[in-house]
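Model, not experiment: these values are computed from the prediction. Letters go in sequence order (proteins before strands), and every chain restarts at 1.
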Amino acid sequence: MAEGSRFYVTTPIFYVNDVPHIGHAYTEVAADVLARWHRQSGDDTWLLTGTDEHGQKILRTATANGATPQEWADRLVESAWKPLLDTINIANDDFIRTTEARHENNVQKFLTTLYDKGYIYTGEYEGAYCVGCEEYKQAADLIAGTGEDAGQQVCAIHSKPVEILHEKNYFFRMSDFTQALLDLYEANPEFIQPESARNEVIAFVRQGLEDLSISRSTFDWGIKLPWDDTHVVYVWFDALLNYITAIGYGEDQANFDRRWPALHIVGKDILRFHAVIWPAMLMAAGLPVPAGIFGHGWLLVGGEKMSKSKLTGIAPNEITDTFGSDAFRYYFTSAITFGQDGSFSWEDLSARYESELANGFGNLASRSLAMITRYFEGQVPTEGAVTPADAAIHDVVAAAVSQADDAISRVAVHEAVSNIWTIVDALNGYITEQEPWALAKDPANADRLSTVLYTCAEGLRALAVLLSPVMPESTHKLWVALGAETALGSLAAQPVRSAGSWGQLPAGTPVGALEPLFPRIESAE
RNA sequence: GGCUGGGUAGCUCAGUUGGUGAGAGCGCACGACUCAUAAUCGUGAGGUCGCGGGUUCGAAUCCCGCUCCAGCUACCA
């Protein structure tokens with residue numbers, strides 16, 4: 001899906017009962033960077049995120065907190081999830097909540113469609129039920145009993161024997177789609193990325209799929225089945241449909257056709273739901289399957305998956321309060337190979353902030369603008385005769401643009417940043433070699449000095465555009481300081497794919513003052 | 001147990017279909033420079049490429065065994 005003028009990307013919807021941590025933020029940032037890049041390239045772009053609000057757990061915690069589940073969800077959406085998007089500067093186009101009418105009504109339409117087509121049947125669910133937990137347990141949640149319970153399976157939490165219960169349930173004929181899914185994976189190798197995720201899924205589906213129980217009657221916080229209001233739909237079935245109800249499935253066919261299919265960015269923990277159940281659901285309904293599923297890795301803290309119970313969970317604002325949202329976004333998109341697990345540490349974050357953002361990019365902007373201010377009275381100088389050294393910079397910029405765009409099309413966000421960063425390194429080296437401060441000592445070198453500093457200004461102009469999807473705030477400051485806001489218009493309006501064409505910033509443009517883009521941070525604590 | 005990945009310089013990681021002396025960034029040491037956020041640029045030190053076999057003229061790169069780490073092994077999201 002490299003080019004084309006349409007780009008629909010989604011994040012998973014947040015389960016409102018969770019506490020926001022950097023894992024959620026990581027997914028959001030990645031999707032947002034992709035969306036901003038495409039949007040700024042002129043593609044018809046849509047970034048969807050939202051919240052998942054149904055299910056037994058939410059009913060329980062709401063009750064425990066003396067609220068109705070809807071009140072509870074409302075509270076969490078406003079106090080936790082929407083603020084998270086602000087904290088990390090996400091420019092989503094929509095925010096869907098699974099309790100909204102546009103979702104609930106059309107989930108019912110979808111269910112009716114599957115029911116009418118015969119993909120849903122009445123069956124009996126048999127499961128191990130723990131009275132203490134008030135829910136069915138999976139085999140992994142059970143342990144062998146001891147003492148008087150020896151020989152029986154007991155609940156790992158309550159250590160009491162579980163009961164085998166039977167319940168009337170509605171089932172989705174997912175097993176019908178085993179072969180169709182395998183064919184899909186085969187025919188479209190990039191449907192699931194990265195390759196390791198694809199292998200995982202294929203191995204799973206090859207074992208054969210079972211039908212999926214998609215209704216619950218033991219609680220009622222969910223979307224009712226249209227043909228049997230004593231059952232609510234299984235939460236995942238409900239949640240996955242957000243990707244199409246948000247864009248008009250069931251009520252706005254034109255918009256649906258305009259947006260669908262989507263690229264789904266998900267963590268590898270929920271890969272299976274997206275790569276197996278979801279496409280099967282769509283196939284059953286006669287709808288196109290997603291454009292792709294990208295499963296990214298875990299953030300590891302101290303070599304282990306971050307978790308609240310091990311006190312390694314980190315709230316995004318712990319980072320942004322000190323480093324800012326741009327640094328947060330930069331760090332997670334550049335330091336971690338998208339698709340693989342990545343290590344997070346405060347030391348690494350501080351080190352990269354200082355060496356790459358402050359000393360590398362920030363200082364490049366400072367030194368360039370300082371010299372333009374000092375030697376050319378604050379106006380972008382004229383480019384004179386171009387030497388091989390200057391041409392080399394032009395080439396680096398042009399190459400960075402095409403390489404980064406290619407990387408984005410492959411969802412290789414980290415690679416794109418790395419490609420763009422070659423401009424930072426090249427310009428810092430260029431300045432040291434060209435020694436504009438030495439040229440400035442002799443008026444005979446005025447033309448050369450002018451060209452060197454023009455090259456710096458143009459390089460920065462390109463950097464501002466290319467990095468704006470990743471670091472919207474600091475690049476905007478740089479854009480204004482370069483005088484580009486008045487000379488070329490708003491940064492968001494700059495087409496990213498033509499950022500490499502040289503000579504856009506007009507000579508004579510007045511530059512402004514620039515505070516350090518990434519100020520040094522005292523001691524990191 | 002089975003499956004999917006991974007174990008490469010102090011740290012985080014690249015290493016296409018096996019082939020000139022194994023790479024990058026950071027950190028460290030030394031040097032250059034002074035426009036700049038005590039920033040920049042250059043040079044250098046540093047590695048039995050998890051362990052043991054095998055295939056090959058030649059393997060970090062293929063095959064076998066072993067070992068260590070992480071994740072998955074479906075209807076809680």
Is there any protein nitrogen or oxygen under 3.5 Å from a nitrogen or oxygen in nucleotides 11-17 of chain B, and what are the pairs?
| residue | atom | partner | partner atom | Å |
| --- | --- | --- | --- | --- |
| B:C13 | OP1 | A:Ser343 | OG | 3.4 |
| B:A14 | OP1 | A:Gln340 | OE1 | 2.6 |
| B:A14 | OP1 | A:Gln340 | NE2 | 3.1 |

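- Residue A:Arg374 places at least one side-chain N or O under 4.0 Å from the OP1 or OP2 atom of B:A36.
- When heavy atoms are screened at a 4.0 angstrom cut-off, A:Leu209 is found touching base atoms of the nucleic acid.
- Contacts of A:Phe204 with the nucleic acid, taken as non-hydrogen atoms under 4.0 Å apart, include base atoms.
- Spacing between B:G47 and B:C11 at atom C1', rounded to whole Å, works out to 14 Å.
- Between A:Phe344 and A:Trp346, the ring planes lie perpendicular to each other; the angle is over 60°, past the 30° to 60° tilted range.
- The residue A:Ser196 sits close only to the backbone: its heavy atoms come under 4.0 Å of sugar-phosphate atoms, none of a base.
- If you take atom C1' in B:G65 and the same atom in B:C26, they sit 37 Å apart, rounded to whole Å.
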Pairing string, 5' to 3', for RNA chain B - Watson-Crick or wobble contacts under 3.5 Å, brackets [ ] where pairs cross, | to another strand: (((((((..((((.....[...)))).(((((.......))))).....(((((..]....))))))))))))....

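- Residue contacts for A:Phe237: at a heavy-atom cut-off of 4.0 Å it reaches no nucleic acid atom on any strand shown.
- Residue A:Glu195 contributes atom CD, which lies 14 Å from atom C1' of B:G6 at whole-angstrom precision.
- Checked against a 6.0 Å centroid threshold, the rings of A:His264 and A:Phe294 do not count as neighbours.
- Relative to the ring axis of A:Phe204, A:Arg272 places its NZ or CZ within 45° and under 6.0 Å from the centre.
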